[in-house]
Amino acid sequence: MAQAAAVAKPPTPPRRRRASATPRRLPYLLIAPAGLLMLGFIAYPVISVFYYSLQNYNPTKPWRNGYAGFDNFVHLFTEDPLFWDTLVFSAKWVVVEVGLQLMFGLALALIVNQTFVGRGIGRALVFSPWAVSGVLTSAIWVLLYNSQTGITRYLADMGIGEYGTSWLSDTSTVFSAVVVADLWRGVPFFAILILADLQSVSKDLYEAAEVDGASRFQQFRHITLPHLKDAIILSTLLRAVWEFNNVDLLYTLTGGGPAGVTTTLPLYIANTSVDAHNFGYASALTTVAFVILLFCSIVYLRLSKFGGENK
């Protein structure tokens, strides 16, 4: 009998295992607890502020508490001149502070980016004010502006000004005084961020520019500034938000005075809630401030083309 030739079957390929979804989800599962905690700590206060902005809520006058609807917002926009005054001063404060801090921070970053003897010590001195807390900064400048033992006393000893002069109690000098105090702490923030970005600029670009005959100003304009664009946009936005919400320095130095000329919107909110216990109206002010900051931030990022290519 002829035996039928056995047909060799090709080996069965190993079954491909289905990729497990667990490894892909593992990073998200690991950060989920922290994410939920952050969401709770952020979402709950925001929702609470929105809720109380529609309420009449004053713990010292519980008989008046209850749903107010949009009455707080109507009063805010139509009957409260302090809101507009504090909003205008807040805008002035932010523009002046952020503009000066950016200018001096950029100058300091360019200086400490150079090679010179004692550069490490110089950088430490430039950056040290940023390590000081806001409360300690306020205490330092309260002592410096003290009319009996501060700067004005030593100037009076040299024949400049009069004894007992207080820059913080004079409406003509108080703004400049608080601006200088906040500059001392805010300038290092810009210097740190800009210096970090400066160190990533290739030196070959500057060498090629020198070969082509470009001046220092041309190198700064066409190489340095375009490279620093995103760092400047981000730092100015962050600092603008922080300066808008600045309360500790102004509260400690002036308390919003004299005659309310240094009262920012956040400081007005703090006084309304803490001193007057009118948490419903303070929540409405906070809601409006939140919307203003959100709108200005979006417009600023759109106009500045943050993250776009430099032309």
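All values reported here derive from a predicted model rather than from experimental measurement. Just the heavy atoms: all of them, side chains too, but no hydrogens, waters or symmetry mates, feed the values below. Numbers for residues simply follow the sequence, beginning at 1.
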Side chains of residues 112-120: which donor-acceptor pairs under 3.5 Å do they make with residues two or more places apart or in other chains?
{"unit_1": "Gln114", "atom_1": "NE2", "unit_2": "Leu110", "atom_2": "O", "d": "3.4"}
{"unit_1": "Arg119", "atom_1": "NH1", "unit_2": "Gln114", "atom_2": "O", "d": "3.3"}

Could you list the donor-acceptor pairs under 3.5 angstrom formed between side-chain atoms of residues 131-138 and any protein atom two or more places apart in sequence or on another chain?
{"unit_1": "Ser133", "atom_1": "OG", "unit_2": "Leu136", "atom_2": "N", "d": "3.3"}
{"unit_1": "Thr137", "atom_1": "OG1", "unit_2": "Ser133", "atom_2": "O", "d": "2.9"}
{"unit_1": "Ser138", "atom_1": "OG", "unit_2": "Gly134", "atom_2": "O", "d": "2.9"}

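The distance from the CE atom of Met103 to the CG atom of Leu183 is 8.5 Å, given to the nearest 0.5 Å. Between the NZ atom in Lys229 and the OG atom in Ser304 there is a gap of 7.0 Å [rounded to 0.5 Å]. The distance from the OG1 atom of Thr262 to the CH2 atom of Trp93 is 8.5 Å, given to the nearest 0.5 Å. With rounding to the nearest 0.5 Å, the separation of CG in Leu144 from CH2 in Trp184 is 9.0 Å. Going from atom CG of Leu76 over to atom OG1 of Thr287 covers 9.5 Å, rounded to the nearest 0.5 Å. Distance CG/Leu106 to CG/Leu225: 7.0 Å, rounded to 0.5 Å.
Looking only at side-chain heavy atoms (C-beta outward), Ser147 and Thr165 stay at 4.5 Å or farther from each other. Taking the side chain as every heavy atom from C-beta outward, Tyr300 and Thr236 approach each other to under 4.5 Å. Within the 4.5 Å cutoff, side-chain heavy atoms of Leu87 are placed close to those of Ile292. Inter-residue side-chain proximity for Leu294 and Ile298 is flagged as met; some heavy-atom pair is nearer than 4.5 Å. Using a 4.5 Å cut-off on side-chain heavy atoms (C-beta onward), Ser235 and Gln101 make no contact. Contact annotation: the side chain of Ile233 approaches that of Leu301 to within less than 4.5 Å [non-hydrogen atoms, C-beta and beyond].
A donor-acceptor pair under 3.5 Å links the side-chain atoms of Ser200 to the main chain of Asp197, judged by distance alone. With hydrogens and angles disregarded, a donor-acceptor distance shorter than 3.5 Å links the side chain of Asp170 to the backbone of Ser172. Panel note: side chain Gln218, backbone Ser215; a donor-acceptor pair is recorded below 3.5 Å.
Every residue meeting the side chain to side chain contact (heavy atoms under 4.5 Å, CB included) condition with Pro266, not counting sequence neighbours, appears here in chain and number order: Ser90, Phe244, Asn245, Val247, Thr264. For the side chain to side chain contact (heavy atoms under 4.5 Å, CB included) test, residues two or more places apart in sequence or in another chain that qualify with Pro59 are Tyr57, His277, Phe279. Every side chain to side chain contact (heavy atoms under 4.5 Å, CB included) that Leu234 has, sequence neighbours left out, goes to Leu238, Phe306. The side chain to side chain contact (heavy atoms under 4.5 Å, CB included) search around Leu108 returns Val126, Val187, Ala191, not counting sequence neighbours.
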>> Under the criterion side chain to side chain contact (heavy atoms under 4.5 Å, CB included), I'd like the reasoning laid out for Phe175 against Phe89: C-alpha separation, chi angles, the key distance, then a yes or no.
In response: CA-CA 10 Å; Phe175 182 73; Phe89 178 75; 3.6 Å; yes
>> Please determine whether side chain to side chain contact (heavy atoms under 4.5 Å, CB included) holds for the pair Thr224 and Gln219, giving the CA-CA distance in whole Å, both sets of side-chain angles, and the decisive distance to 0.1 Å.
In response: CA-CA 7 Å; Thr224 306; Gln219 294 178 29; 5.6 Å; no
> What's the verdict on side chain to side chain contact (heavy atoms under 4.5 Å, CB included) for Tyr145 and Val178, showing C-alpha distance, side-chain angles and the deciding distance?
Replying inline: CA-CA 10 Å; Tyr145 286 144; Val178 294; 5.9 Å; no
> Going through the distances and angles, do Asp85 and Thr263 end up as a side chain to side chain contact (heavy atoms under 4.5 Å, CB included)?
Replying inline: CA-CA 8 Å; Asp85 292 341; Thr263 303; over 6 Å; no
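Within the structure, the salt bridge (Lys or Arg N to Asp or Glu O under 4.0 Å) test picks out no pair touching residues 143-152 (sequence neighbours left out). The salt bridge (Lys or Arg N to Asp or Glu O under 4.0 Å) pairs that include a residue from residues 237-255 are Arg239-Glu243, where partners are two or more places apart or lie in different chains. Pairs passing the salt bridge (Lys or Arg N to Asp or Glu O under 4.0 Å) check and including a residue from residues 140-164, sequence neighbours excluded, read Arg153-Asp157. Within the structure, no pair that satisfies the side-chain hydrogen bond (donor to acceptor under 3.5 Å, both in side chains) test touches residues 64-73, not counting sequence neighbours.
Criterion: ILVMFWY side-chain heavy atoms under 4.5 Å apart, direct or through other members. Under it, Trp167 and Met158 are part of a common hydrophobic cluster. The cluster map of Ile, Leu, Val, Met, Phe, Trp and Tyr, joined by side-chain heavy atoms under 4.5 Å apart, puts Ile192 and Leu198 in the same cluster. Cluster membership check: Val288 does not share its hydrophobic cluster with Val46, using side-chain heavy-atom separations under 4.5 Å among Ile, Leu, Val, Met, Phe, Trp and Tyr. Tracing side-chain contacts under 4.5 Å through hydrophobic residues (I, L, V, M, F, W, Y), one reaches Trp242 starting from Leu249; they form part of the same cluster. Note: the hydrophobic cluster containing Trp84 also contains Leu285 (ILVMFWY, side chain heavy atoms under 4.5 Å, direct or indirect links).
The minimum heavy-atom distance between Ala177 and Leu168, with the atom names listed, is CB-CD2, 3.9 Å. The minimum heavy-atom distance between Val261 and Pro258, with the atom names listed, is CG2-O, 3.0 Å. Contact record, Asn278 with Tyr281: OD1-N, 3.3 Å, taken as the closest heavy-atom pair. Counting all heavy atoms, side chain and backbone alike, Gly150 lies closest to Tyr154 at O-CD1, 3.1 Å. Residues Asn58 and Ala276 approach most closely at ND2-O, 3.7 Å, considering heavy atoms. Closest of all the heavy-atom pairs between Pro129 and Pro188 is CB-CG, 3.9 Å.
When hydrophobic residues (I, L, V, M, F, W, Y) are linked wherever their side-chain heavy atoms come within less than 4.5 Å, the members clustered with Tyr206 are Val201, Leu205, Ile223. Ile111 belongs to no multi-residue hydrophobic cluster, having no ILVMFWY side-chain contact under 4.5 Å with any other such residue.
A donor-acceptor pair shorter than 3.5 Å can be found between the side chains of Glu79 and His75. For Tyr52 and Thr286, the side-chain atoms include no donor-acceptor pair closer than 3.5 Å.
Dense packing is recorded around CG of Leu30, with more than 12 heavy atoms of other residues, nucleotides or ligands lying under 6.0 Å away. Within a 6.0 Å radius of CZ in Phe77, more than 12 heavy atoms belonging to other residues, nucleotides or ligands are found. Within a 6.0 Å sphere centred on OH of Tyr51, heavy atoms belonging to other residues, nucleotides or ligands number 12 at most. Open room surrounds OH on Tyr251; 12 or fewer heavy atoms of other groups in view lie less than 6.0 Å from it.
Taking the six-membered ring for Trp and the full ring otherwise, the centers of Phe83 and Tyr268 sit at least 6.0 Å from each other.
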